[in-house]
Asks: 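Here it is, the structure in full.
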Protein chains: 2
Amino acid sequence: MQNMQNKQIPDIVVGRLPSYLQMLKRLKTAGETNTSSKELGLKLEISAAQIRKDLSHFGEFGKQGTGYSINYLIECLEDILHVNKVWDMALVGVGFLGHAIANFQGFNHHGFQIKCIFDVDPSKIGQFVAGHIILDISELEKVIRKLNIQVAMITVDADNAQDVADKLVRAGIKSILNYAPVIIKVPSGIQIQYINPIIKLQHMTYYLK
Amino acid sequence: MQNMQNKQIPDIVVGRLPSYLQMLKRLKTAGETNTSSKELGLKLEISAAQIRKDLSHFGEFGKQGTGYSINYLIECLEDILHVNKVWDMALVGVGFLGHAIANFQGFNHHGFQIKCIFDVDPSKIGQFVAGHIILDISELEKVIRKLNIQVAMITVDADNAQDVADKLVRAGIKSILNYAPVIIKVPSGIQIQYINPIIKLQHMTYYLK
DNA sequence: AAGTATGTGTTAAATTTATCACAAAAGTAA
DNA sequence: TTACTTTTGTGATAAATTTAACACATACTT
């Protein structure tokens with residue numbers, strides 16, 4: 001039953017796996033060696049049944065009566081999510097946000113490594129940020145292809161994000177994390193995710209007076 | 001039929017409204033005055049029927065045959081989401097991430113204004129960041145109560161996030177935007193949202209080879 | 001060794017969410 | 001006016017997702 005990725009697993013299920021992995025790593029760091037769907041569920045505020053059902057799409061990782069070995073489940077989830085390697089990334093846009101993200105260490109600690117940084121502004125090109133020289137966006141396709149990078153982050157403004165995304169896709173990028181507050185069209189097969197704190201805040205103020 | 005908030009509107013519906021508002025503002029900036037569920041749907045990659053259905057929970061804002069007046073729908077959505085005012089915010093944690101967020105101008109441009117910043121580190125307290133003096137976290141409750149702040153952002157590490165959230169709730173905070181990679185428990189009635197780019201990246205690498 | 005408690009993976013039921021299809025309204029043009 | 005087009009708002013329907021129920025396996029207790 002292991003690794004039967006044939007049945008087209010719902011994306012919403014895949015989207016929950018990283019949080020399971022994150023919690024397992026926290027438990028491991030805290031010195032735990034075993035856990036259960038019940039414990040994970042309590043900590044993640046997800047029902048135990050849902051966690052078991054989600055995992056069951058990918059195989060059988062637990063032992064009845066015992067639960068899950070934390071080390072083993074971490075290994076399995078890292079395999080499933082393909083995060084048992086370091087992913088190289090490109091970053092486009094060195095405004096304030098891009099600058100901040102270039103310096104953010106959280107990516108490195110989780111297997112994501114910025115390899116090249118681009119901007120369109122001639123006054124920025126050639127400058128250094130977070131140990132990387134800022135490259136001209138006209139070199140984007142050449143450099144990304146040469147470095148064989150598949151993951152990129154967009155930190156340009158809303159008006160330029162689609163254009164940058166198109167360039168990234170042409171360069172062979174397969175996954176885009178977009179910080180610009182705009183929906184981006186990508187061909188099927190290209191992954192895109194959004195980071196938009198304003199939308200999250202506005203969602204919450206609905207419930208305030 | 002206007003403003004019948006009796007029927008308990010699904011949170012997932014509320015969560016889509018900010019993106020509708022964002023797109024409407026973009027269309028307005030671009031000089032448009034009218035739009036339709038069809039146009040919005042195309043731009044947001046959401047079905048026109050879903051947009052109409054979502055809006056219908058709150059009232060009737062369009063004209064059959066004509067569509068929506070952009071200005072009017074923006075006003076209505078701002079009313080619904082309570083973003084037709086400036087919300088004061090507190091920020092807790094002045095590590096690299098907190099520093100970056102304190103300087104991020106995007107919040108100000110959308111009606112969210114940082115009013116006070118806290119940290120636990122004595123070497124940081126008293127320093128200035130983004131024009132605000134960093135206050136001792138021991139003053140958190142007093143200051144937040146005095147300023148009557150309802151919205152806060154957490155940018156401390158995972159191990160301290162729950163503790164900070166508890167302090168914030170005790171201080172009267174009602175909505176929390178949490179950047180720490182951990183699920184936080186809050187009493188019912190308190191809103192919490194998460195920003196977690198690592199999880200988004202790991203979601204996407206599932207589809208990569 | 002027997003009995004109890006725990007926890008899995010699976011199947012079935014219930015709930016939530018999204019889509020469809022259409023009557024009615026509003027504009028346009030002959 | 002009348003015919004035609006567009007687009008809304010909304011019941012009805014379909015799909016997706018979550019929750020609950022269950023049978024079996026393992027571990028612990030006495």
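The shown structure was predicted, so the numbers you read here are calculated from the model rather than taken from an experiment. Order of the sequence lines fixes the chain letters, A, B, ..., with proteins taken first and strands second; residue numbering starts at 1 for each chain.
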Asks: Check Lys200(B) against Gln193(A) and note the closest heavy-atom contact, atom names and distance.
Replies: CD-OE1, 3.2 Å

Asks: Side-chain N or O of Ser37(B) versus OP1/OP2 of dT8(D): is the shortest distance under 4.0 Å?
Replies: yes

Asks: Looking at every strand, decide which applies to Ile12(A) at a 4.0 Å heavy-atom threshold: base, sugar-phosphate, or nothing.
Replies: sugar-phosphate

Asks: State which of dT8(C), dT18(D), dA27(D) makes the closest approach to the side chain of Arg16(A).
Replies: dT18(D)

Asks: Which nucleotide in the set dT17(D), dT19(C), dG9(D) lies at the smallest distance from any side-chain heavy atom of Pro10(A)?
Replies: dT17(D)

Asks: Using the ring of each side chain (for Trp, its six-membered ring), is Phe58(B) parallel, tilted or perpendicular to Tyr206(A), with breaks at 30° and 60°?
Replies: perpendicular

Asks: Reading DNA chain C from 5' onward, which residue's closest nucleotide shows up sooner: Gly67(A) or Ile46(B)?
Replies: Gly67(A)

Asks: Which sits closer to the 5' end of DNA chain C, Leu55(A) or Gly65(A), going by the nucleotide each is nearest to?
Replies: Gly65(A)

Asks: Given dA21(D), dC20(C), dA26(C), identify the nucleotide with an atom nearest to the side chain of Ala49(B).
Replies: dC20(C)

Asks: Which nucleotide, dG7(C), dT10(C), dA26(C), lies nearest any side-chain atom of Thr66(B)?
Replies: dA26(C)

Asks: Take atom CD of Gln50(B) and atom P of dG11(D), then tell me their distance rounded to the nearest Å.
Replies: 17 Å

Asks: Using every non-hydrogen atom in the two residues, find where Gly106(A) and Ile198(B) come nearest and quote the distance to one decimal.
Replies: O-CD1, 3.6 Å

Asks: Using whole Å, what does the distance between atom P of nucleotide dT18(D) and atom CG of Asp54(A) come to?
Replies: 7 Å

Asks: Distance check needed: dG7(C) C1' versus Leu40(A) CG, whole Å only.
Replies: 12 Å

Asks: When you measure from the side chain of Lys63(A), which nucleotide among dT19(C), dA27(D), dT8(D) comes out closest?
Replies: dA27(D)

Asks: Mind checking whether Leu91(A) and His132(A) have side chains closer than 4.5 Å, heavy atoms only?
Replies: no

Asks: Could you check how far CG of Leu42(B) sits from P of dT6(D), rounded to whole Å?
Replies: 15 Å

Asks: Tell me which residues in residues 182-192 of chain A put a heavy atom below 4.0 Å from DNA chain D, sorted by number, or none.
Replies: none

Asks: Of all the nucleotides listed (dT18(D), dG7(C), dT7(D)), which has the minimum atom distance to the side chain of Ser36(B)?
Replies: dT7(D)

Asks: For the base of dT7(D), is there a side-chain donor-acceptor partner from Gln64(B) under 3.5 Å away?
Replies: no

Asks: Measure CZ/Phe61(A) against C1'/dG7(C) and give the value in whole Å, please.
Replies: 16 Å

Asks: Looking only at side-chain atoms of Arg52(B), point me to the closest of dT17(C), dA27(D), dT10(D).
Replies: dT10(D)

Asks: Within this structure, what is the OH-to-P distance between Tyr68(B) and dG27(C), rounded to whole angstrom?
Replies: 16 Å

Asks: Are Gln50(A) and Asp54(A) linked by a side-chain donor-acceptor pair shorter than 3.5 Å?
Replies: no

Asks: When the distance from CD of Glu60(A) to C1' of dG9(C) is rounded to whole Å, what number comes out?
Replies: 6 Å

Asks: Using whole Å, report how far NZ of Lys53(B) lies from C1' of dA21(C).
Replies: 12 Å

Asks: Between Asp159(A) and Arg26(B), is the side-chain contact (heavy atoms from CB on, under 4.5 Å) condition met? List the steps.
Replies: CA-CA 9 Å; Asp159(A) 290 333; Arg26(B) 269 181 69 75; 3.1 Å; yes

Asks: Can you list the steps and then say if Trp87(B) with His110(B) is a side-chain contact (heavy atoms from CB on, under 4.5 Å)?
Replies: CA-CA 9 Å; Trp87(B) 288 96; His110(B) 290 85; over 6 Å; no

Asks: Looking at Lys28(B), is its backbone amide N or carbonyl O close enough to the side chain of Thr33(B) to form a donor-acceptor pair, meaning the two atoms are under 3.5 Å apart?
Replies: no

